[in-house]
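First comes the structure, then the notes that go with it.
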Amino acid sequence: MIQINRVMKESYQRIWQTVQAIPAGNVASYGQIADLAGLPGRARLVGTALKNSDEGRFQNRAIPWHRVVNSQGKISFPRQSPIYQQQVARLQEEQVIVLNGKVKLR
DNA sequence: GCGTTGACGCGGG
DNA sequence: TCCCGCGCCAACG
């Protein structure tokens, strides 16, 4: 984790909880998460919060970060990166179709 | 304190 | 579709 003030920690917690609420097999955009977390226009903060989550968990519960993509439905990681491959693999396990780094809508 | 980065989003060209 | 620029703003050096 990192050093952050109380206000920021609360924002992070709301973001983590919101992400945890995304059902398996579904995806949401950073902007949507920000809105739902009561932080409109703060999409970047969602990415920061996920990056700074404690080992991908919050309150001893896993945060399904792989279900978060950008507003274009695309994965926000370089194609070659291991993390990118990880996200695609996890999504496919949930029957989510990913083509050329982009999630297929149903 | 200050400049740079970045798991973003949106409008333009 | 790709590439910019701009707004946004916490984290980091």
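Just so it is clear: chains get the letters A, B, ... in the order the sequence lines come, proteins before strands, and each one is counted from 1. Atoms considered below: every heavy atom in the structure, side chains included; atoms not considered: hydrogens, waters and symmetry mates. Quantities reported herein were computed from a predicted structural model and do not represent experimental measurements.
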From CG of A:Leu99 across to P of C:dT1 the rounded distance in Å is 12 Å
Atom CD of A:Glu10 and atom C1' of C:dA10: how far apart are they, to the nearest Å? 16 Å
For nucleotides 7-13 of chain B, print each protein N/O atom paired with a nucleotide N/O atom at under 3.5 Å, atom names and distance only.
| from | atom 1 | to | atom 2 | distance (Å) |
| --- | --- | --- | --- | --- |
| B:dA7 | O4' | A:Ser76 | O | 3.2 |
| B:dA7 | N3 | A:Tyr30 | OH | 3.0 |
| B:dC8 | OP1 | A:Ser76 | OG | 2.7 |
| B:dC8 | N3 | A:Arg44 | NH1 | 2.9 |
| B:dC8 | N4 | A:Arg44 | NH1 | 2.2 |
| B:dG9 | OP1 | A:Tyr30 | N | 3.4 |
| B:dG9 | OP1 | A:Gly31 | N | 2.8 |
| B:dG9 | OP2 | A:Ser71 | N | 2.7 |

Any chain of hydrophobic side-chain contacts (each under 4.5 Å) joining A:Leu39 to A:Leu36? no
Report yes if the side chains of A:Ile15 and A:Thr48 come closer than 4.5 Å at any heavy-atom pair, otherwise no. no
ring-ring contact (aromatic ring centres under 6.0 Å, His included) filter on A:Phe77, not counting sequence neighbours, yields none
Within-4.5 Å side-chain heavy-atom neighbours: A:Gln87 and A:Trp65: yes
Dot-bracket notation for DNA chain B, counting Watson-Crick and G-U pairs under 3.5 Å, with | for partners on another strand: .|||||.||||||
Heavy-atom distance under 4.5 Å between the side chains of A:Gln32 and A:Val46, does that happen here? no
Grab the CG-C1' distance between A:Asn52 and C:dC12 for me, whole Å please. 11 Å
Any side-chain heavy atom of A:Ser29 within less than 4.5 Å of one from A:Asn70? no
SB check A:Arg90 A:Glu94 (cutoff 4.0 Å): no
Answer yes or no: is there a side-chain heavy-atom contact under 4.5 Å between A:Leu45 and A:Tyr30? no
Rounded interatomic separation in angstrom, taking CD1 from A:Ile15 and P from C:dC9: 13 Å
